[in-house]
2 protein chains.
Amino acid sequence: MFLQIGRLGHMSAQPLDSAEHRSGALLDHLARRMRLRSESVLAPLGLRPRHLVALTVLRAGGDTGQQALATILEMDSTNIVGLLNELEAKQLIERRRSPEDRRRHVVELTKDGAKRLSEAECALASAEDEVLGALDHAERETLYELLSRAATGTSINCAETICVTNDACRCRDAC
Amino acid sequence: MFLQIGRLGHMSAQPLDSAEHRSGALLDHLARRMRLRSESVLAPLGLRPRHLVALTVLRAGGDTGQQALATILEMDSTNIVGLLNELEAKQLIERRRSPEDRRRHVVELTKDGAKRLSEAECALASAEDEVLGALDHAERETLYELLSRAATGTSINCAETICVTNDACRCRDAC
DNA sequence: GGAATCGTCTGTGCTGCATCAACCATTTAT
DNA sequence: ATAAATGGTTGATGCAGCACAGACGATTCC
């Protein structure tokens with residue numbers, strides 16, 4: 001901190017690039033705190049945090065080949081198989097062979113899957129309250145929107161997926 | 001999603017609570033992506049992601065007993081010891097006995113530690129570019145500020161720690 | 001003096017995950 | 001048509017993060 005001030009020196013009022021503001025460690029820290037709480041909350045629903053991540057990605061991304069899924073989640077394909085097996089056994093997802101390329105399995109969220117995901121998210125309210133307690137509602141919504149955009153890499157889904165259901169959503173400005 | 005619309009029914013224009021917007025899974029997802037990239041970038045510096053988290057917390061929190069650290073990081077005390085041993089061996093932190101309660105070890109970031117942390121954060125620029133590529137500079141700064149506030153649990157440090165060095169920081173509105 | 005607290009060290013075991021190897025179904029190239 | 005490449009599946013192996021438990025020294029509080 002003082003280092004930075006020292007470097008700025010004669011121009012301490014300028015918004016100079018703030019190179020040290022890396023979110024990585026904070027992301028890691030908060031994700032851990034959230035995950036620890038999520039585990040116990042999710043257990044009764046037969047889910048674990050990683051399932052939620054996969055379901056969330058599937059909801060956002062639409063139909064996805066599972067190799068593409070491996071890329072998005074940055075997991076090894078072989079581990080994707082096991083993960084999807086668990087989700088398919090609970091009928092939260094479906095694997096269909098792609099009509100275009102029948103080698104490919106297209107993974108899709110089932111109606112049950114979407115419902116279960118929704119339930120899980122509701123159940124996580126208290127966990128989020130503990131971890132994000134320092135942020136008010138609008139700030140959390142901003143956070144969600146930023147994370148969501150970063151995760152999908154595009155803002156295409158934003159208008160359709162988010163804004164329809166929430167009049168206060170800030171993403172209209174951003175979109 | 002449709003469930004919520006159904007629930008809203010006659011008042012679909014109201015900004016009702018958006019219960020499904022949970023950040024947990026997104027946090028998890030992005031933290032993972034960031035961590036995978038961080039590992040290789042940090043290795044030459046002799047650090048691992050968890051070290052960075054600890055150093056970041058220490059920088060933000062000032063002098064901290066290591067039991068308090070265990071609480072903040074939500075790690076077992078015994079694992080904290082090992083983590084701190086590694087950092088102390090590299091002289092990035094110091095353990096001093098607290099003058100008030102000499103049972104307690106107060107953990108403090110050394111000058112070298114602050115410097116190394118700063119270097120690491122610079123080195124992580126490209127990793128962050130990949131993961132947060134969908135966000136522009138101002139959005140990343142907003143994200144950092146939100147995560148930072150959530151992590152420290154208070155907004156006390158905000159004015160001192162962040163805003164002095166960055167004129168464009170949005171936290172003035174929030175503070 | 002005795003009990004409780006903070007930190008340290010050691011060992012044990014579970015879990016997540018990467019990696020390797022072998023295999024089937026399907027598509028693409030020759 | 002045959003061979004090669006691709007997507008997916010399965011099983012085995014090994015490492016690392018981490019929780020947990022037990023024992024110990026140092027210090028404080030009653």
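Below, chains carry the letters A, B, ... as their sequence lines are ordered, and counting in each starts from 1.
Between D:dT9 and A:His105, a contact under 4.0 Å exists linking OP1 or OP2 to a side-chain N or O. Applying the 4.0 Å criterion to OP1 and OP2 of D:dT9, one finds that A:Arg95 has a side-chain N or O inside that range.
For the contact set between residues 76-87 of chain A and DNA chain C, defined by any heavy atom under 4.0 Å, the members are A:Asp76, A:Thr78, A:Asn79.
At a threshold of 4.0 angstrom between heavy atoms, the contacts of B:Glu74 are confined to the sugar-phosphate backbone, with no base atom among them. Residue contacts for A:Arg32: at a heavy-atom cut-off of 4.0 Å it reaches the sugar-phosphate backbone alone, with no base atom in range. A:Arg48 comes within 4.0 angstrom of the backbone, heavy atoms only, and of no base.
Under the side-chain contact (heavy atoms from CB on, under 4.5 Å) rule, B:Leu87 has a single partner from B:Thr110, B:Leu109, B:Leu55, B:Val107, which is B:Leu55.
Rounded to a whole Å, the CG atom of A:Asp28 is 12 Å from the P atom of D:dG17. To the nearest angstrom, P of C:dT5 lies 19 Å from CD of B:Glu100. When rounded to the nearest whole Å, the span between CD of B:Glu39 and C1' of C:dA18 equals 11 Å. When the P atom of C:dC6 is taken as reference, atom CE of B:Met75 falls 18 Å away, rounded to whole Å. A:Arg96 has its CZ atom 17 Å from the P atom of C:dT26, to the nearest Å. The nearest whole Å value for the distance from the CD atom in A:Gln66 to the C1' atom in D:dT6 is 13 Å.
Contact check on A:Arg116 versus A:Glu121 returns no salt bridge, with no Lys/Arg side-chain nitrogen under 4.0 Å from an Asp/Glu carboxylate oxygen.
Although no hydrogens or angles enter the test, the distance criterion places no donor-acceptor pair under 3.5 Å between the side chain of A:Arg97 and the main chain of A:His105. Remark: side-chain polar atoms of A:Arg102 are not paired, donor with acceptor, to backbone N or O of A:Ser98 under 3.5 angstrom.
Heavy-atom nearest nucleotides on DNA chain D were determined for A:Gly65 and for B:Pro99, and the one closer to the 5' end corresponds to A:Gly65. With the nearest nucleotide of DNA chain D identified for both A:Val106 and A:Leu36, A:Val106 has the one nearer the 5' end.
Note: the hydrophobic cluster containing B:Leu30 also contains A:Leu132 (ILVMFWY, side chain heavy atoms under 4.5 Å, direct or indirect links). Using a 4.5 Å cut-off between side-chain heavy atoms of Ile, Leu, Val, Met, Phe, Trp and Tyr, with links allowed through other members, B:Leu124 and B:Val53 fall into the same hydrophobic cluster.
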Under-3.5 Å N/O pairs linking protein and nucleotides 24-27 of chain D:
| from | atom 1 | to | atom 2 | distance (Å) |
| --- | --- | --- | --- | --- |
| D:dT27 | OP1 | B:Arg102 | NH2 | 3.3 |

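Nearest heavy-atom pair, A:Val41 versus A:Ala123, reported as atom, atom and distance to 0.1 Å: CG1-O, 3.3 Å.
B:Glu119 CD: more than 12 foreign heavy atoms inside a 6.0 Å radius.
Between the side chains of B:Thr78 and B:Asp76, at least one donor N or O sits under 3.5 Å from an acceptor N or O.
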